[in-house]
Student: 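Take a look at the following structure, please.
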Amino acid sequence: MKRSWLSVFAALLFLTVLAAPVSAWQGRMAGAGDAYGLIEDESDYLTHPAVIAMSKGFNAYGHYRLTYTKTSDWDYTVSMPAPTIGGPYLYPFKAGGHEWKNEGLLGAAFKLGAGMMGVFFEYTGIRGDYDGSALYDGVFASGFNTYDMQNKLDDYALRLLYGLPIGAVNLGAELQIAYRDEEKETLLVEDDGDFYLNFPFGAEGLIESTLFPYMIPYKSKYWEAQGKVSVAGTMGAAKYALTFKGGFPFASDNKYTAGYYDGSTLDCQDAEGKVKGYNVGGDFWLRVPVNAKVALPFVVSAGYKKVTRDGDFASPSGLISYISYENEAEYMNVGVGGGVDFTPAKGTKVAAGIYYDYIRTSQKATFDYIDSGSNTFYDDYPDMPTQTEHRLTLKALAEKELTSTLAVRGGFNVFYGYVEADYATRHIYNGVFDPDYKFDISADGYNMGVNASVGATFKLNKVALEPFLNAGYVKYSVDGDGLHGYAGPISGENDKTNWNVGGGLSVRF
C-alpha cells in the first residue's frame, strides 16, 4: 500500500513539474557526477544560502530523482574454529534485497526587499526490503533460520532561504522545518515456526538470533529544525562561500516493538519514548582563478550528528515486567579536497578533483529489563558496529554545448576507503557481569565504488530541461578476529555488494 502511494506521489510530482512553467537545475550536477564544489552551478545556494543573493528576477525550479539499489550480497559470518567447549561452530548469515529511493523538489527564488528569497519543498522516500537465511551450527543449538528486514523513510522539508548583498559581500540564511518518519524492522523465523520480531536479547549468547549487525530496529516520528548562516564574496580575484549549519529534533515519538511467537502464545511489547540529539557542521568553498580558462576549486567540510532513541514499557503481569532501551547513533565526517576546472573553449568544460574524507560512524544500544521473577538483565551492544573510514575519491566530468539549445555532459567518481570496524556485546545478570557471554571482534578491510552519470540540457525558450542517468557499484568488505566468552578465539566477516541505477529530470524557468 505504501509503495503504491509512493509511486502515485512520484508520478504526480513528475507531471506537476512538466505541466508548470518551471524546470531543472540540479539535473546538471546529477549528470556531471554530483560534482558539487568542483564546478560552479546555480544550485550552489542550496549548500550556501548567501549565493542566492546573486540571482536575478523570478526563477522557478523542479527536480525529481529515482534510484534503485540492488543488494546482491549482504553476508555476516561468525566462526569459532577451536572453541574450549565442543565445536567448531559457525554462524553464516546471508542476505540480499533491494531499495527504492525517491527524491523530489519544487520551489522558486524571487526578489524580496533588498535581497533574494527562496522557498522550496523537498521530499525523500526510501523503501528497502531484504531477506536471508542462516544454516548455523552454534554453541547452544543448531538450526536453520530465515529472516526479513525492512528500511522505510519519509522525509518532508520546507526550506526558506534569504540572501542579501551588502557591498562586495553577500550574507545569507536558511531555516528548514522537516517532518521525518523512519522505521527499521527485522523478523527472524526459526525452522520450528517460532518467530522473533526485532529480537533484542542476542547479547545473552544467542548469536544466531540477533540481526543487529544488519540494523538496529526502531520506529520514529519527529519534527526537526535546521538552520544555516552563510557568507559569500571575493578575496581579490578568488571567490569564496562559507556556511555554518546546525539543527535538532523536537516533538518526537519513538517506539521499539519486540515480539515473540512460540506456536501457541504471542508476546509483544512496545517500549515507547523520544528522539533526541543535534547536528552541527560547516562548508567552505574557494575558487582561485589562474587565468581566463583555468580555476582551482577547493572544498573543506565537516559535520557531526548524534541521535538518541529511547523507550520503556511496564507490565506487571507479563513475562517481562519492565523493559527500557536506548539506541545511540553518531556520525562524523571531515572532508578536504580540490581540483582543476578548465574551460578550453566557449561552451566546453573539463574538470577533475581528488578528495579525502574521514568518516566515523557508531551504533550502540542497551536493553535493561526485569522478568516476572524479579531477575534483572542488562544487554549491552557498545559497538554494533563502531567504524572509521579513510576515503579517497576521484571526480571527473566533461561538458559540451553542441548548439545554443543543447548541451551534453558526463561524469564519474571512483572511491576507495580503508575501514576499521568493531563489533561487541556484553551481558550483566542480577548486577554481575557474565564473562561467558562477552563478544568482541575487531575487523578491517575496504569500502570501494564507482559511479558514472550522463545528462543533457534542452533549452526551450525560457525553460531548461535537464534529464540525467546514472549507474554505480559499491563493495564493502571487512574481516577480523576476536574473543567469545564460551568459545574463546573467534573470527568474523561482513560483506556487502550494491548495484545501483537511476535517473531523473530537473527543470528551470
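Owing to the predicted nature of the structure, the values given are computational and were not obtained by experimental measurement.
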Student: Tell me yes or no: between the side chains of Asn151 and Lys184, is some donor less than 3.5 Å from an acceptor?
Tutor: yes
Student: Going through the checks in order, is the side-chain hydrogen bond (donor to acceptor under 3.5 Å, both in side chains) test met by Gln363 and Asp383?
Tutor: CA-CA 6 Å; Gln363 281 275 4; Asp383 301 308; over 6 Å; no
Student: According to the interplanar angle, ranging from 0 to 90°, do the rings of Phe367 and Tyr256 count as parallel (below 30°), tilted (30 to 60°) or perpendicular (above 60°)?
Tutor: perpendicular
Student: May I ask you to decide if Asp310's main-chain N or O and Asn254's side chain share a donor-acceptor pair within less than 3.5 Å?
Tutor: yes
Student: May I ask you to check whether Gln226 and Glu224 show a side-chain donor-acceptor distance below 3.5 Å?
Tutor: yes
Student: May I ask you to decide whether Lys349 forms a salt bridge with Asp341, counting only side-chain N to carboxylate O separations under 4.0 Å?
Tutor: yes
Student: Does any part of the side chain of Asn498, heavy atoms only, come nearer than 4.5 Å to the side chain of Trp74, both counted from C-beta?
Tutor: no
Student: State, with a plain yes or no, whether a side-chain heavy atom of Tyr278 is found less than 4.5 Å away from one of Lys305.
Tutor: no
Student: Between the side chains of Ser442 and Asp422, is a donor N or O closer than 3.5 angstrom to an acceptor N or O?
Tutor: yes
Student: Any pair with a residue in residues 352-364 that passes salt bridge (charged side-chain N to carboxylate O under 4.0 Å, His left out), sequence neighbours left out, goes on the list, sorted by first then second residue, please.
Tutor: Glu328-Lys364
Student: Between atom CG of Asp270 and atom CG of Asp312, what is the distance when rounded to the nearest 0.5 Å?
Tutor: 11.5 Å
Student: Can you name the closest pair of heavy atoms from Gly37 and Pro297 and give their distance?
Tutor: O-CB, 3.4 Å
Student: Do Asp154 and Lys221 sit within salt-bridge range, that is, some charged N less than 4.0 Å from a carboxylate O?
Tutor: no
Student: List the atom of Pro249, the atom of Gly277, and the distance in Å for their closest heavy-atom pair.
Tutor: CD-O, 3.3 Å
Student: Could you go through Cys268 and Thr257, starting from their C-alpha distance and side-chain angles, then the distance that decides it, and tell me whether this counts as side chain to side chain contact (heavy atoms under 4.5 Å, CB included)?
Tutor: CA-CA 7 Å; Cys268 192; Thr257 301; 3.6 Å; yes
Student: Side chains of Ser477 and Asp495: is there a donor and an acceptor less than 3.5 Å apart?
Tutor: yes
Student: Inspect the surroundings of CZ in Phe298 and state if more than 12 heavy atoms from other residues, nucleotides or ligands are less than 6.0 Å away.
Tutor: yes
Student: Return the CG to OG distance between Leu483 and Ser491, rounded to the nearest 0.5 Å.
Tutor: 11.5 Å
Student: Measuring only between side-chain heavy atoms, which start at C-beta, is His390 closer than 4.5 Å to Tyr358?
Tutor: yes
Student: Report the residues that fulfil salt bridge (Lys or Arg N to Asp or Glu O under 4.0 Å) with Glu204, sequence neighbours left out, ordered by chain and then residue number.
Tutor: none
Student: Which heavy-atom pair separates Leu397 from Ala32 by the least distance, and what is that distance?
Tutor: CB-O, 3.7 Å
Student: Test your reading of the model: is there a side-chain donor-acceptor pair from Asp434 to the backbone of Asp436, 3.5 Å cut-off?
Tutor: yes
Student: Would a distance-only check, ignoring hydrogens and angles, find a side-chain to backbone donor-acceptor pair under 3.5 Å from Asn145 to Glu208?
Tutor: yes
Student: Mind running side chain to side chain contact (heavy atoms under 4.5 Å, CB included) on Ser324 and Tyr369 for me, showing each step along the way?
Tutor: CA-CA 6 Å; Ser324 68; Tyr369 68 100; over 6 Å; no
Student: Could you tell me whether the side chain of Lys228 and the main chain of Leu46 form a donor-acceptor pair under 3.5 Å?
Tutor: yes
Student: Give the intermediate values and the outcome of ring-ring contact (aromatic ring centres under 6.0 Å, His included) for residues Tyr214 and Tyr130.
Tutor: CA-CA 10 Å; Tyr214 287 103; Tyr130 309 92; 8.6 Å; no
Student: In the structure I gave you, are the side-chain heavy atoms of Thr393 and Ile354 within less than 4.5 Å of one another anywhere?
Tutor: no
Student: Would you say Asp379 and Pro200 make side-chain contact, with heavy atoms under 4.5 Å?
Tutor: no
Student: Got a donor-acceptor contact below 3.5 angstrom from the Asp191 side chain to the Phe144 backbone?
Tutor: yes
Student: Under 4.0 Å between a Lys/Arg side-chain N and an Asp/Glu carboxylate O for Glu182 and Arg309?
Tutor: yes
Student: Does the Lys395 side chain pair with the main chain of Ala352, one donor and one acceptor, at a distance under 3.5 Å?
Tutor: no
Student: Less than 4.0 angstrom from a charged side-chain N to a carboxylate O is my criterion; do Arg180 and Asp155 meet it?
Tutor: yes
Student: Tyr429 and ring-ring contact (aromatic ring centres under 6.0 Å, His included): which single residue from Phe201, Phe377, Tyr378 fits?
Tutor: Phe377
Student: Would you say the side chains of Asn494 and Tyr423 form a donor-acceptor pair under 3.5 Å?
Tutor: yes
Student: Begin with the C-alpha distance, continue with both residues' side-chain angles, and end with the deciding distance and a verdict on salt bridge (Lys or Arg N to Asp or Glu O under 4.0 Å) for Lys496 and Asp75.
Tutor: CA-CA 6 Å; Lys496 187 177 184 181; Asp75 301 338; over 6 Å; no
Student: Quiz question: by atom type and distance under 3.5 Å, do the side chains of Asn500 and Thr67 form a donor-acceptor pair?
Tutor: no
Student: Can you tell me how far CZ of Arg409 sits from CD of Glu399, rounded to the nearest 0.5 angstrom?
Tutor: 4.5 Å
Student: List the steps, then state whether side chain to side chain contact (heavy atoms under 4.5 Å, CB included) holds for Tyr89 with Tyr136.
Tutor: CA-CA 8 Å; Tyr89 301 119; Tyr136 69 94; over 6 Å; no
Student: Around atom NZ of Lys101, are there more than 12 heavy atoms from other residues, nucleotides or ligands closer than 6.0 Å?
Tutor: no
Student: Considering only heavy atoms from C-beta outward, does the side chain of Asp148 approach that of Glu185 to under 4.5 Å?
Tutor: no
Student: Tell me, please, which residues at least two apart from Ser43 pass side chain to side chain donor-acceptor pair (under 3.5 Å).
Tutor: Asp41
Student: Looking only at heavy atoms, what is the nearest atom pair of Ile216 and Ala365, with distance?
Tutor: CD1-CB, 4.2 Å
Student: Please check: side-chain N/O of Glu466 versus main-chain N/O of Arg28, any donor-acceptor pairing under 3.5 Å?
Tutor: yes
Student: Spell out, as yes or no, whether a donor-acceptor pair under 3.5 Å connects the side chain of Asn198 to the backbone of Thr186.
Tutor: yes
Student: Verify whether one side chain among Gln26 and Tyr61 offers a donor that lies under 3.5 Å from an acceptor in the other.
Tutor: no
Student: State the CH2-CZ distance between Trp223 and Phe248, to the nearest 0.5 angstrom.
Tutor: 13.5 Å
Student: So among Tyr381, Tyr76, Phe439, Phe199, which one has a ring-ring contact (aromatic ring centres under 6.0 Å, His included) with Phe212?
Tutor: Tyr381
Student: If I take atom OH from residue Tyr147 and atom CG from residue Leu187, how far apart are they, to the nearest 0.5 angstrom?
Tutor: 12.5 Å
Student: Flag the pair Glu174 and Arg159 as a salt bridge only when some basic side-chain nitrogen lies within less than 4.0 angstrom of an acidic carboxylate oxygen.
Tutor: yes
Student: For Asp73, is there an ion pair with Lys94 - N to carboxylate O distance below 4.0 angstrom?
Tutor: no
Student: Are the side chains of Leu392 and Tyr416 in touch, meaning some heavy atoms are under 4.5 Å apart?
Tutor: no
Student: Hey, does the side chain of Ser252 reach the backbone of Val275 with a donor-acceptor pair shorter than 3.5 angstrom?
Tutor: yes
Student: Would a 4.5 Å heavy-atom cut-off, applied to side chains only, mark Met332 and Ile359 as touching?
Tutor: no
Student: Working to the nearest 0.5 angstrom, can you tell me the gap between Tyr260 OH and Leu197 CG?
Tutor: 13.5 Å
